[in-house]
Amino acid sequence: MPSLTPPVPKLPIYGQPSSDGRRHWQSLDALAAEPATAPSPEFPEGADSPPDGLARRTFLQILGASTALASLDACRPPRQKIIPYVRPPEKPLLPNTAVHYASALTLNGYATGVLVTSYDGRPTKVEGNPDHPSSLGGVGMHELATLLDLYDPRRAKGFRRGQSTLAYRSLLRELSALAATHQADGGARLRFLLGANASPLLAELKKRIQQRFPRARFHAYEAAGHDAEREGARLAFGRALDVRHRLDEARVLLSLDADFLCHGPDGLRLAREFSAHRESGPEMSRLYVAEAHLSVTGAAADHRFRLKPSEVLGFGRAVAARLASTHGLGALAPLVGPTRLAREANAVADDLFRSRGRSLVLAGSRQPAAVHALAHALNAALGNAGRTVEYAPAVYDEATGPGELAALAADAAAGKIDTLVITAANPVYTAPGDVDLAAALAKVPNTIYLALREDETSPRCTWNLAAAHPFETWGDARGHDGTVSIVQPLIQPLFESLSEVEVLASFVDAADAGAWTILRESWQRRRGGGNFAGDWDRWLARGVVPDTATVAEPAAPRFDAVAAAVRAAPASAAGLEASFVPDTKLLDGRFAENAWLQELPDPITKITWDNAAYLAPATAKKLGVENGSKVELRLGGNKIEAAVWTVPGHAEDVVTLPLGYGRRRAGPVGTGVGFDVAPLRTAATPWFAPGLAVAPLGRAKHAFAPTQEHFSMEGRDIALLFDAKAFGPEKIEHLRGPVPTIQKPVDYSKEPYKWGMGIDLTKCTGCSSCAVACQAENNIPVVGKEQVLRSREMNWLRIDRYFTGSPEDPQLVAQPMMCQHCETAPCEYVCPVNATVHSDEGLNEMVYNRCVGTRYCSNNCPYKVRRFNFLDYRGDMSPTEKMVMNPDVTVRTRGVMEKCSYCVQRIERARIGSRVEGRKIKDGEFTTACAQACPANAIVFGNLADPESAVSKLHQSERRYDVLHELGTRPRTAYLVRLRNPNPELT
Amino acid sequence: MATYVLAEFKDEAALCAAARRMRELGQKQLDAYSPVPVHGIDEALGLPKSKVPLIALIGGLSGAVGGYVMQWWMNGVDYPLNVANRGAHAPPANIPITFESAILLASIAIVLAVILLSGLPRLHHPVFDVEGFRTASLDGLWLSAEVPAAEGEGVVRELQKLGATQVERVAEEQR
Amino acid sequence: MSATRTNTALDRKGLDELEGAPVLVGRPSDKELTHELFQPVWGEMRRGWLALFGICVGVSGLLFAAIGYTFAKGIGAWGNNIPVAWGFGIINFVWWIGIGHAGTLISAILLLFQQKWRTSINRFAEAMTLFAVMQALLFPLIHLGRPQFFWWLFPYPSTLGVWPNFKSPLLWDVFAVSTYFTVSLLFWYVGLLPDLAALRDSSKKRGARIAYGIFALGWKGSAKAWRHYRIAYLLLAGLATPLVLSVHTIVSFDFAVSQLPGWHTTIFPPYFVAGAIFSGFAMVLTLIIPARKVFHFEHVITQRHLDNMAKVLLATGLMVSYGYMCEHFIAWYSGNKYESFVFFQTRQRGPFAPVYWLMMFCNVIVPQIFWSKRLRENLMVVWVASILVNVGMWTERFNIIVTSLHRDFLPSSWAMYRPTWVDWSIFVGTLGFFGALFLLFLRFVPSVSASEVKELRRELDHEAHAIAHPPAHGVGRGG
Amino acid sequence: MSALFRPRANTAFRLVLILLGGGAVGALGGAMIWARVPAGTGQQEPLLQPVQFDHRHHVVDDGIDCRYCHTSVERGPSAGIPSTALCMNCHAQIWNKSPRLEPVRESYFSGQPIPWVRVHRLPDFVYFNHSIHIAKGVGCETCHGRVDQMPAVEQVAPLTMSWCLECHRNPKPFLRPLDQVTTMGWTPQGDPAALGRELEKKYEVHSRTSCTTCHR
């Protein structure tokens with residue numbers, strides 16, 4: 001792949017001062033040396049690196065391969081080879097030592113800053129970038145799981161036009177020639193369909209293309225975009241504004257169907273700010289959520305109002321009515337309307353008013369613009385604007401909704417398009433039922449599709465180009481607040497591929513320079529003068545370009561326009577309503593081929609490897625169906641088949657249908673998993689529509705694979721939930737403190753460290769980032785649906801979900817559960833071979849290489865957190881799949897028990913590092929993967945021997961208790977009871 | 001070279017009486033053979049008490065001591081580990097194996113003792129050269145005397161006199 | 001159970017009335033006994049035997065194929081999961097070990113208690129013990145995740161410098177079961193020596209004679225050897241008796257020492273031992289009733305033997321029932337919510353409730369029929385009941401292991417257990433393997449100890465004599 | 001008169017029994033011995049390398065310190081194998097025509113690395129870190145032996161777990177002053193035991209035997 005080699009880019013390491021010295025970087029893919037893709041079986045790029053001789057040559061792991069590809073092999077294998085550098089890089093990387101690079105990942109338009117851990121040139125882990133305003137150090141499941149996509153051996157490779165394969169150079173030549181044919185009519189028959197992306201570079205390229213082809217048109221499409229937010233702001237304020245919530249100021253929150261803690265461009269930051277104010281006391285915030293399906297945010301709510309999606313607007317209007325009538329907020333008077341939950345609406349309104357200026361109304365992206373406008377009006381009337389909510393010029397303002405796609409399809413079907421470039425994510429699959437994009441594409445002579453994988457759209461397109469993974473290419477991106485990040489590659493493309501930047505650049509004949517040059521020159525122009533090279537290095541090192549955030553500006557809503565829109569919105573109709581939601585894990589289906597996410601239990605239902613038609617138990621009863629029943633769903637003229645699953649707390653007469661499943665052409669992971677609900681959507685009603693008909697099919701039941709089948713605590717003190725006002729430490733006195741024992745407790749005070757963990761259930765939203773982070777950090781295998789059905793999932797960290805109260809309006813607790821590192825661990829004394837014992841610092845160690853697999857430890861573990869390699873889950877890894885392995889963690893073989901180790905590899909790294917330097921490990925110097933990922937700071941890890949450490953403080957909290965304390969296991973992981981802050985008027 | 005004189009008797013009383021008589025006559029190398037143990041034959045032949053119980057005791061004691069010491073040394077001394085906060089040397093947990101190893105060693109000692117003390121394994125023995133001796137394991141009662149070749153004839157006569165139903169002489173073969 | 005023979009006030013007739021049928025019908029001579037008891041060994045192959053053996057070998061083939069498949073695929077071939085990390089493997093292990101208790105018990109304990117009715121069935125029962133323990137021994141090995149490292153369970157000096165964990169009940173198990181197997185084998189073999197010698201001296205074919213001769217080690221039945229042998233056999237019995245009790249006690253520790261509700265119970269050791277005897281005797285009955293018929297051993301293995309065994313079933317069945325009662329009572333009385341949940345919710349009303357009720361039926365209800373003498377005398381009834389008891393004891397282990405595990409402390413981790421075809425193949429396969437070994441035993445080894453029956457006949461003669469003249473009669477072999 | 005067995009059967013049978021028993025014991029014992037002898041552990045096996053690199057010459061004659069080539073030994077888990085460029089630092093000037101160094105030049109100019117044969121290999125589940133050992137005064141020689149006397153490098157230590165434990169349980173006899181870490185043939189001055197105690201204290205040596213020290 002000589003042509004793909006970026007010239008001489010360099011990668012300043014995160015957190016290190018950068019130098020102006022030229023440090024050159026090429027790739028390390030000899031690790032991957034796949035005969036199929038490499039020109040010569042070994043060291044392909046050694047042979048074809050640029051002649052300046054400064055590029056870094058192959059570095060095959062010096063000690064790495066053995067550990068990276070570790071298996072527990074007892075025999076004496078043949079002598080291995082050690083492959084050193086030919087010429088070391090100027091600043092050689094220490095072999096087998098992690099370095100972190102800052103980059104950014106864009107999802108649905110906006111970027112989240114990440115730090116990527118790289119071993120010997122292999123990215124192995126994604127962390128949040130604490131310097132990035134949308135991450136603050138937290139990271140979401142999608143950013144984490146992106147890594148797995150990078151190494152997917154079934155990614156698209158190379159470039160195809162029709163049946164013929166194109167090399168990189170000839171592809172660029174042909175694209176260039178194709179572009180030239182559009183020159184004559186100014187590109188009138190040239191169209192682009194892009195995904196949402198606020199990237200300045202893409203914007204610039206679009207501008208350049210537009211200059212060359214003034215009549216060419218750009219469309220944007222996201223199956224689950226944020227159009228309504230932008231539209232709502234435009235409606236309310238008359239201009240394109242981004243809404244920036246400031247939850248650190250908010251004390252009373254009303255979410256109108258907004259799953260802001262999980263979905264949304266700023267979810268990580270909002271989760272952190274929200275959780276920061278869930279401490280008991282007068283400052284404890286209160287969250288009301290009006291929604292149909294239980295969302296992560298709904299599960300965190302103090303009060304949930306179960307409403308059809310179409311009723312949410314009415315609820316908001318009723319709140320407005322109370323505010324207008326009782327509290328004298330006259331401006332809201334034109335907005336008022338009725339709701340069936342009047343008592344609740346009144347109470348919410350009273351509460352919002354009491355905290356005016358410190359309250360906040362949020363609207364969900366599935367709700368129409370009118371609801372967003374209503375929220376703006378409410379916030380303005382309550383005096384929240386400028387305090388708990390800010391408005392700033394839109395970072396990205398293009399229509400990305402299904403309307404755009406419908407218009408494009410219509411033009412295509414009418415034969416108005418000769419060339420269509422598609423970089424949007426799989427539009428043929430995500431298109432609503434009434435947009436026949438597949439048929440329309442057939443009418444376009446040249447359809448150029450850039451995608452990471454072959455998917456439903458690929459066969460409909462005449463050109464299929466393999467897209468480079470974000471970790472393989474250069475680019476830029478903007479966070480929700482406008483902060484720019486440079487996207488830098490961590491590895492040379494594993495497969496022949498190119499980036500969106502290069503595709504667009506080829507239409508202005510600029511692709512030859514490569515993404516790096518295009519990007520750098522673009523920023524050089526923008527920055528102008530100064531010490532650009534130095535700035536550039538600093539941007540890369542820090543992961544953000546300073547002073548690029550948008551500045552908030554005052555904005556006042558036009559109440560009359562809002563009122564008009566609100567009144568024009570259709571009223572809620574009786575009968576069954578279909579409600580479409582982007583799936584928590586797969587979103588619109590773009591992560592369907594990601595096995596980590598497929599196997600991750602849904603945060604609420606705990607279902608893996610499936611979606612379902614979710615409905616309330618009462619509705620299910622009415623329809624005569626139960627969990628697993630197959631049904632036919634009809635809406636408008638369209639119908640699909642699906643299986644139902646009941647969810648306590650789901651609104652009645654609504655069927656929630658998550659997008660992203662039922663992929664027909666995804667790959668071995670995602671194809672045929674779940675049910676495709678997109679055919680029921682229409683461009684006009686993409687998110688909810690009345691008139692759904694459900695007919696049970698009465699056939700054999702669908703086998704769902706939930707990781708948790710029982711959601712009641714059976715009256716046991718497991719995940720504790722108290723009303724903040726009713727809680728006192730005496731209520732949990734029996735769940736902590738010393739237990740009577742005949743064993744003299746081991747004295748851990750001789751060691752400088754005593755590791756422990758604290759998990760604050762009040763902060764935990766159950767978003768599941770930690771579970772994916774753990775999977776990535778600890779080389780945890782994916783086992784597949786069959787094995788999950790057999791209850792053999794491997795996640796070391798699971799998030800237990802308990803429902804209490806009535807099935808109609810349950811209260812929920814999410815409880816991250818992993819090895820508790822009991823000081824008197826029941827697992828240890830039953831192991832016949834001493835494969836699980838205690839360390840001098842109190843860790844419950846699991847020694848894989850000693851384990852013979854009696855599984856007795858698991859039987860005796862009251863928390864059932866041990867995982868067993870029932871089958872060889874690692875046997876048939878491709879070379880690239882092996883590259884995702886963390887070389888610091890042994891890859892477990894078949895027949896071995898495993899479990900959470902408190903990320904002991906990180907402990908040992910930190911210990912060795914500090915001891916070589918002759919100092920002690922500082923609190924916060926490192927933490928476990930789960931704690932690091934947690935957007936809500938719910939998990940804290942550290943040294944209990946240090947009374948000042950964060951974890952010690954959690955352990956001393958009056959909310960602290962031990963799970964199954966009465967067993968006397970003395971766990972090192974303490975939980976803090978979950979507190980709710982209900983409104984006394986509603987209880 | 002020794003000669004074995006074998007005599008079959010038709011009942012136990014006769015066998016015991018013959019044995020006693022032969023011993024009175026100064027025969028030392030006597031033995032009796034029967035499909036089941038014969039009452040009183042031990043005294044008749046003047047056999048000492050068996051050493052098997054002592055050997056069993058030694059085996060059992062060394063099993064118990066060895067078993068316990070093994071556990072104490074391996075878990076408590078050589079590689080003490082913190083296993084679930086239990087002491088590295090945990091006496092109550094060591095009881096079962098101490099007991100089992102005592103039984104095991106005692107049993108093995110007993111079996112080895114009974115085999116070796118009985119002069120087994122010995123597939124061939126001069127007495128097997130007598131075809132009729134095959135009844136000894138089925139329903140016959142035999143008495144044997146190991147005598148110098150020269151005395152053989154006298155012993156044969158003596159045994160016939162004691163009521164043996166048949167008497168055979170067999171010389172120990174050169175090995 | 002039976003009148004002691006020191007009760008000399010009763011005459012022979014009275015004794016017989018009290019004890020029921022005689023332990024030996026008639027007074028056959030040594031020659032007759034030799035002839036009868038060795039007939040199955042001397043005789044030609046029978047077609048029925050061959051057919052049965054063929055079936056059993058076929059089923060054993062299934063066992064080894066399933067084991068091979070397990071080794072190739074991993075434990076994932078079974079239905080085990082988390083939380084039910086032990087499934088059929090350990091159920092079968094405990095079940096077979098339990099069955100393997102009757103032999104040594106009959107031999108050793110009844111010998112110590114001088115029960116004459118032991119004599120005709122002890123060889124049979126001991127062989128059954130050995131073969132059952134062999135089945136059981138398979139499981140600790142094949143249920144390992146990494147069976148290739150099974151030897152790490154033994155305390156040998158390794159270059160790793162690490163040792164096994166002597167605090168683990170599984171390690172106790174390793175010692176207990178291997179000791180039990182070794183001692184049972186030695187006990188059986190020592191008991192077999194005189195008969196092997198007898199076969200050496202009586203077999204028709206020279207090849208057979210040589211084979212038996214090698215195993216007989218040159219046993220001549222000499223008084224010098226008998227002198228050691230008698231005391232050794234008695235000592236072995238004396239050692240085997242506590243061993244039997246200890247082995248199932250230790251097996252029960254696998255459960256009792258853990259803290260899982262449903263396992264963590266102090267009643268387990270006695271209740272497991274009683275259960276083991278219960279199932280062991282049931283298995284002896286299941287096997288001996290047809291064998292006795294086929295080999296015409298009715299006058300050696302008499303109605304008296306069967307009757308006594310049925311009574312043992314009743315007695316141990318009552319003990320097992322008492323164990324169940326205790327478990328439930330303590331679960332309620334202790335107020336432990338986890339334990340009472342297991343006993344009053346999970347077992348009785350959970351998804352495996354049918355197994356629980358089947359266990360209750362087979363182990364508590366079925367033995368009650370043995371209160372009736374008439375039913376005890378009906379061979380068919382006894383045979384069917386013995387099979388039901390075996391089924392019941394298997395379901396008991398299922399209840400203890402699977403039902404307790406599948407719903408423990410945290411409801412979030414509750415899950416179902418579904419055995420796979422491999423689980424069933426291994427279970428059924430062990431039955432076939434056991435059957436094959438047992439058929440080999442019936443064919444090549446005297447299934448009733450000829451030398452001991454001969455001795456018994458002498459004892460009975462003495463007794464008859466002693467009715468009139470209370471003697472200081474000698475003990476039998478080891479007696 | 002025909003006994004079933006001949007007299008010599010006694011000896012033969014006893015011999016067979018002894019052989020069976022002895023064979024079983026011998027097989028087990030043999031395996032245990034094999035795991036401990038150099039042939040079994042891979043010690044004392046000088047390996048043929050693609051370049052005939054002679055440590056004797058470089059260390060003794062040229063007096064090059066270990067760290068000149070094994071650059072990351074003080075900072076990272078692995079000591080590091082020198083790049084071809086490092087060889088060429090000197091060999092561009094001296095011996096630059098030697099046919100023995102042809103593979104080095106070949107590598108340098110073609111960009112193909114030299115495939116050295118690994119001498120010391122720990123199992124994949126063992127995480128050994130050079131830097132901490134160097135920082136606490138464990139000499140190169142302690143594990144790697146007198147490399148300065150090896151024409152071709154061989155493994156001198158058994159690299160078994162019990163060998164590791166020997167030092168981790170009592171590191172004192174194996175410590176040396178930090179400035180002597182790379183010295184070959186260093187012997188302590190004065191009382192070795194006292195020096196060991198002193199160094200252990202001075203460097204805060206805290207060797208651990210918890211499993212996760214090495215297995216993660």
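Note: hydrogens, waters and symmetry copies are ignored here, and every other heavy atom, side chains too, is used. Letters go in sequence order (proteins before strands), and every chain restarts at 1.
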With rounding to the nearest 0.5 Å, note down the distance linking CZ in D:Arg14 to CG in B:Leu120.
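Separation between the atoms: 8.5 Å.
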Is it the case that more than 12 heavy atoms not belonging to [X] sit under 6.0 Å from its [atom1] atom?
X        : atom1 : value
D:Arg146 : CZ    : yes
D:Gln52  : CD    : no
D:Leu48  : CG    : no

Listed by number, the residues in residues 201-216 of chain D that come under 4.5 Å of chain B (heavy atom to heavy atom) are D:Thr209
Which residues, numbered in order, of residues 147-168 of chain D come under 4.5 angstrom of chain B by heavy-atom distance?
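When heavy atoms of chain B are the reference, residues 147-168 of chain D contributes D:Met161, D:Leu165 within the under-4.5 Å range.
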Do you know which two heavy atoms are closest between D:Asn10 and B:Leu123, and how far apart they sit?
OD1-N, 2.6 Å
Are there residues of residues 64-81 of chain B whose heavy atoms fall under 4.5 Å of chain D's heavy atoms? If so, which?
B:Asp78, B:Tyr79
Which residue pairs satisfy the salt bridge (Lys or Arg N to Asp or Glu O under 4.0 Å) criterion with at least one member in residues 30-55 of chain B, sequence neighbours excluded?
none
